[in-house]
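Here's the structure, in structure tokens; my notes come after.
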Amino acid sequence: MSQTASQTGTEPSSEVPPHRYTPALAQQIELAWQDRWDAEGTFRTPNPAGPLSEGFDRVADRPKAFVMDMFPYPSGAGLHVGHPLGYLGTDVTSRFLRMDGHNVLHPMGYDAFGLPAEQYAVQTGQHPRITTEANIEAIRAQLRRLGVDHDTRRTFATIDPDYYRWTQWIFKEIFESWFDETADGGRGRARPIADLVSELDAGTRRPAPGTLPEGRSWAELDEVGRRRVVDAHRLAYRHEAPVNWCPGLGTVLSNEEVTADGRSERGNFPVFRRPLTQWMMRITAYAERLLEDLDRLDWSDSLKHMQRNWIGRSTGARVRFTVGTGEGDPAAAETVEVFTTRPDTLFGATYMVLAPEHPLVETLTAAAWPDAVDPRWTGGAATPGEAVEAYEVQASRRSELERQTEGRDKTGVWLGVTARNPLTGQDMPVFIADYVLFGYGTGAVMGVPGEDQRDWEFAQAFGLPIVRTVQPPAGFDETAGAYTGSGPMINSSNERLSLDGLEKDAAIAAVTDWLVATGNGEATTTFKLRDWLFSRQRYWGEPFPVVYDEDDLPIAVPDSMLPVLLPDVDDYSPKTFADDDADSRPEPPLSRASEWTTVTLDLGDGPKPYRRETNTMPNWAGSCWYYLRYADPTNAERLVDPELDRYWLGPREPGDVGGVDLYVGGVEHAVLHLLYARFWHKVLFDLGHVSSEEPFRRLVNQGYISAHAYTDSRGFYVPAAEVEERDGRFFHDGEPVTREYGKMGKSLKNVVTPDEMVAAFGADTFRVYEMSTGPLDQSRPWETKAVVGAQRLLQRIWRVVVDEESGAVRVADVEPDDDTSRALHRAVEAVRDGMTTLRFNIAIARITELTNHLTSAYPPGTAVPRAVAEGLVLLVAPLAPHLGEELWARLGHDSSVAWASFPVAEERWLVDATVTVAVQVNGKVRAQVAVPADADAAGLEAAARADERIAGYLDGATVRRVVAVPGRLVNFVLS
RNA sequence: GCGGGAGUGGUGUAACGGCAGCCACGCCAGACUUAGGAUCUGGUGCCUUCGGGCGUGCGGGUUCGACUCCCGCCUCCCGCACCA
């Protein structure tokens, strides 16, 4: 505090009144109250039952409110002023709700597994737990200094073994279940995997399509075969999927970590697309429910939109084509299924394209080109086999990102075979091309150049025929490209089916009926959402609670063995390879912990050796369920006690989704975290572990804070704090600099930390400033020089209660005058509105008005009515809690203001005896008249006509109409 | 390209379809001062011949009345982006 004292000490202290609310005094008050809150357990939230239930009697009759932030990832850089925006928003809300009679749960935890800590460990050789825990401690201290009201007994980090034990337990639950699509009337529901096994054994259920080995039945399979079938049904399953493999870094990368030219963002090493067996989560099974239930959530439209977009539901048809009946080997006939949203255009399909990764590519590829093959179709190769191989290599070297961004020039090669169009009977050449994505639909499309722009471009590049099946409007440029609009069908009939003249919907219905009737396809729905890749070749993550037996089949370890602790290793980095060694395989750090990787267990048939899973879970796992643990953080027996789950998260009435009452966090988690958490929650709901259908009832994205940044003549950023403004221009070290604007961060050299603000002004001033700059969900610029406005406000509030010269309380038991009562109660009404709508700027503006009124109505030396002074203190307490406590105590109260009742406005003070209404002539305001508040339209009009100026306007004019809105205005419409 | 959101003083913002700009920063003036990057008070959308006129990105529309609702543009921000 000496630093702060010296700052304020630059002024001769004789000039500052001895009891002014200075930064130094604020510091002193804040530290004292923070200690007292800890000592008294002010913010301990009692549970209705269990070890944290002490004190529940006090709140038993209150409604509950669960208010929560997206927990931070504790990086070494600490917080800047942008981070606390959301934390302070929930803090003000939770303090308001507590004062307004709720039992409030407002906890905080730490998301602590993940890459940054691991990379730091790789560089320093220090165990990531050490740096992570130090970082957590630093953030915890920063938050405490801001005066947040977290129940610290409920704080945990995802790296705590007591926590990740239950992350592993949830993984097991997901692993030990499957999605029964027929359950709940076709809505689908997760069920224990044991149910599936008994139904398969009993013959009451058939294995899902594609899970049985070709030509075999469940009954014929041996034990291992049956387990493979069962494993293929699980919600957590192992699957071979193409990933971004970076040999130079020795790890798989996410799409975001790969640059546009197919190299790693870190280190600039080549990245290869290669298939790899990985753990997957069957989130796609829940696509429909995740989509539908969005309608029941109180989230912003834009956020729901992003989720809908990501889930990407589209309806259409699957159409089956017979391939290989052309010039190639007739014995090689195969069926290829395509997905299309435009089955009505089937008559216009003139070729077919498979994704390069499509499993049938190899079988379909012909041995040789036919005579007179179009040179554009061969990729310059001597045989289809060579062409395909070369093209696949080319495609694998291009990252997914690159495939999407690079030029979009259509490339591909012909497989040397054709497919039969079931409607036209024409043979259509079959290509592979990377504009068809393996992960979407069936990984194959029918090429309809007349009605699809991508297909048009491909047809142009490869000289393929174009048939229009939808009549473009008159004046349509036939050479311009595909026509994707509406219109009657043309060129779409044969002896069996005619679509000509039909509009789109009717044509789709007709062709779909025909497909079903002839066995060539059926209507279907496809989702963009893909299953969740759940393995990482990392050290710093949750180990899987999985071992493999001698048949290489995964087995979940028994609950008694949880948690599976992360072992210590010598080297936290994954094994790396030569940059261009595309055939190398990932080797995760845990695979080198040889003591750990093999284990002898008795899983029911005697002690046997097992091999542990050496991948770890992704960073998202720990953040998928932490909100549940806040309700029951100490439970060693269960994930969460069902009674506590129902109390804090359960549905409020039948049909309610339940969940956290307010969840505040950054929009950057709009899709992944929020989708994964919803998915896990729904699985836990299906399995009966939680009572609510959704995890987060109401969700708000706080805005982010940007700041000005400055570049010198060379274009380098200079420290923004050192820039001076003179006459609207900016200088650093006397040199002119250019002002820019951007997200606060190291690279722009424009970081401002809460610590600096607390040191210069105190936490309450910082809180009030940050909350006053706009609605919580709005982004805003940081402006340190404007913080003084918040400081002045708090100083004036202080002065309303405390005499700056004597330190005596100025309050007396006198009646406030009517104007003051009206000012108070109007402020109460507006502040409540601001608090509930998260528009703290409104609340602060109304508090300022009340303060300014009191400052002039009760100048120094006069007595302030107690009722009004206390009302003001209560209003500001959620925003400036330390000041609130201090003034509340000085006003003679023994107990914390945090538990005092928030004021309620009295109706009689919200209405004036007389109101001033505007009088308009032809919609323009010409006068104002005072009328009784309850004056009716006639009274308003009479009062308006009595006004001299209005009479002047009306004199000699014809009043065509009079609009009089009681309490609002009068409008004379003249002709 | 597709989808979404937003455009109001020098700045952040505020306005149940009803007096545009509350509150704050900044700025101007004054008070207290040896002093002010402290505090307090007053003023501050633009133009004005001091009557008033004009003002919420631009252009239309609905309405007695539009920042607000509708249509079309422009700009900025965000999301998705060969999703068949």
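Every chain is numbered from 1, with letters handed out A, B, ... down the list of sequences. Keep in mind that what you see is a predicted model, and the values were worked out from it rather than measured.
With ring centers used as reference points, A:Y351 lies 6.0 Å or more from A:F462.
B:C67: no Watson-Crick or G-U partner with both key distances under 3.5 Å is found in any strand. Nucleotide B:U13 forms no Watson-Crick or G-U wobble pair with any nucleotide shown, as no partner meets the under 3.5 Å limit on both distances. B:C2: Watson-Crick or G-U partner is B:G79, with both key distances under 3.5 Å. If you check B:A31 for Watson-Crick or wobble pairing at under 3.5 angstrom, you find it paired to B:U39. In a base pair of the Watson-Crick type (N1 to N3 plus N6-O4 or O6-N4) or a G-U wobble (N1-O2 and O6-N3), with each distance short of 3.5 Å, B:G26 is matched with B:U44. Pairing for B:U62 is absent, with no Watson-Crick or G-U wobble pair whose two atom distances lie under 3.5 Å.
As judged by a 4.0 angstrom heavy-atom cut-off over every strand, A:S856 is placed among residues making no nucleic acid contact. Nucleic acid contact for A:R318: none, since no nucleic acid atom lies under 4.0 Å from a heavy atom of the residue. Within 4.0 Å of A:S314, counting heavy atoms only, lie sugar-phosphate atoms of the nucleic acid but no base atom. Nucleic acid contact for A:R926: sugar-phosphate only, since backbone atoms but no base atoms lie under 4.0 Å from a heavy atom of the residue. A:K528 comes within 4.0 angstrom of a base, heavy atoms only. No engagement by A:T526 is indicated, since no non-hydrogen atom pair under 4.0 Å with the nucleic acid exists. Residue A:S772 is out of contact with every strand shown, counting any heavy-atom pair closer than 4.0 Å. Note on A:V965: a base of the nucleic acid sits closer than 4.0 angstrom, heavy atoms only. In this structure, A:V445 reaches the bases: a heavy-atom distance under 4.0 Å links it to at least one base atom across the strands shown.
Between the C1' atom of B:C78 and the NE2 atom of A:H669 lies a distance of 16 Å, rounded to the nearest Å. Going from atom OH of A:Y741 over to atom P of B:C76 covers 16 Å, rounded to whole Å. Atom CG of A:L303 and atom C1' of B:C77 are 16 Å apart (whole Å). With rounding to whole Å, A:M771 atom CE is found 14 Å from B:A14 atom P. Rounded to whole Å, atom P of B:A84 lies 12 Å from atom CD1 of A:I508. Counting to the nearest Å, the C1' atom of B:G4 and the CG atom of A:N309 are 10 Å from each other. Computed from coordinates, the A:F527 CZ to B:C80 P distance equals 20 Å when rounded to whole Å. At whole-Å resolution of the value, CD1 in A:I705 and P in B:U11 are 19 Å apart.
In this structure, B:G9 is classed as syn because its glycosidic torsion stays within 90° of zero. An anti orientation is assigned to B:G21, its glycosidic angle lying beyond 90° of 0.
When the nearest nucleotides of RNA chain B are assigned to A:A790 and A:N971 by heavy-atom distance, the more 5′-ward of the two goes with A:A790. Residues A:Q791 and A:M446 each lie close to RNA chain B; by heavy-atom proximity, the contact nearer the 5' end of the strand is made by A:Q791.
Between B:U39 and A:R792, a contact under 4.0 Å exists linking OP1 or OP2 to a side-chain N or O. Distances shown here put a side-chain N or O of A:R839 below 4.0 Å from the OP1 or OP2 atom of B:A15. For A:R780 and B:G12, the shortest distance from a side-chain N or O to OP1 or OP2 is not below 4.0 Å. Residue A:T848 places no side-chain N or O under 4.0 Å from the OP1 or OP2 atom of B:C22. Remark: A:R308 is not in phosphate contact with B:C80, judged by side-chain N or O atoms under 4.0 Å from OP1 or OP2. OP1 or OP2 of B:A14 sits under 4.0 Å from a side-chain N or O of A:N841. The phosphate of B:C64 (OP1 or OP2) has no side-chain N or O of A:Q920 nearer than 4.0 angstrom. Distances shorter than 4.0 Å separate none of the side-chain N or O atoms of A:N852 from OP1 or OP2 on B:U41.
Here A:D833 pairs with A:R839 in a salt bridge; the nearest charged N to carboxylate O distance falls below 4.0 Å. A salt bridge is absent between A:E829 and A:R826: the closest approach of a Lys/Arg side-chain nitrogen to an acidic carboxylate oxygen does not fall below 4.0 angstrom. Using a cut-off of 4.0 Å between Lys/Arg side-chain N and Asp/Glu carboxylate O, A:E804 and A:R810 are scored as not salt-bridged.
In this structure, of B:C64, B:U39, B:A15, it is B:A15 that holds the atom nearest to the side chain of A:I842. Among B:U39, B:G52, B:C64, the nucleotide with an atom closest to any side-chain atom of A:Q795 is B:U39. Listed nucleotides: B:C64, B:C22, B:C80. Nearest to the side chain of A:E849: B:C22. When the nucleotides B:G26, B:A84, B:C16 are ranked by their closest atom to the side chain of A:F339, B:A84 comes out on top. The nucleotide whose nearest atom lies closest to any side-chain atom of A:R846 is, among B:C23, B:G12, B:A24, B:C23. The listed nucleotides are B:C80, B:U13, B:U39; the one nearest the side chain of A:R799 is B:U39.
Rounded to whole Å, the separation between the P atoms of B:C71 and B:U62 comes to 15 Å. B:C54 and B:A20 have their C1' atoms separated by 13 Å, given to the nearest Å. Comparing the C1' positions of B:G26 and B:G10 gives an interatomic distance of 8 Å, to the nearest angstrom. As rounded to the nearest Å, B:G57 and B:A6 have C1' atoms that lie 11 Å from one another. Between B:G18 and B:U39, the two C1' atoms lie 40 Å apart (nearest whole Å). Straight-line distance between the P atoms of B:C2 and B:G72: roughly 14 Å, to the nearest whole Å. The P atoms of B:G7 and B:G65 are separated by 24 Å, rounded to the nearest whole Å. B:C28 and B:A38 are spaced 13 Å apart, taking the P atom of each and rounding to whole Å.
Looking at every heavy atom in both residues, A:T350 comes nearest to A:P429 through O-CD, 3.6 Å. When all heavy atoms of A:Y391 and A:D434 are compared, the closest pair comes out as OH-N, 2.9 Å.
A donor-acceptor contact under 3.5 Å is not formed by the side chain of A:R960 with the base of B:C64.
Applying side chain to side chain contact (heavy atoms under 4.5 Å, CB included) to A:P449 and the options A:I466, A:T345, A:V467 leaves one that passes, A:I466.
Remark: A:K410 is positioned above the aromatic ring of A:Y435, its terminal NZ or CZ atom under 6.0 angstrom from the ring centre and at most 45 degrees off the axis.
Side chain to side chain, A:R780 and A:T773 meet the donor-acceptor criterion of an N or O pair below 3.5 Å. With hydrogens and angles left out, the side-chain atoms of A:S772 and A:N841 include no donor and acceptor closer than 3.5 Å.
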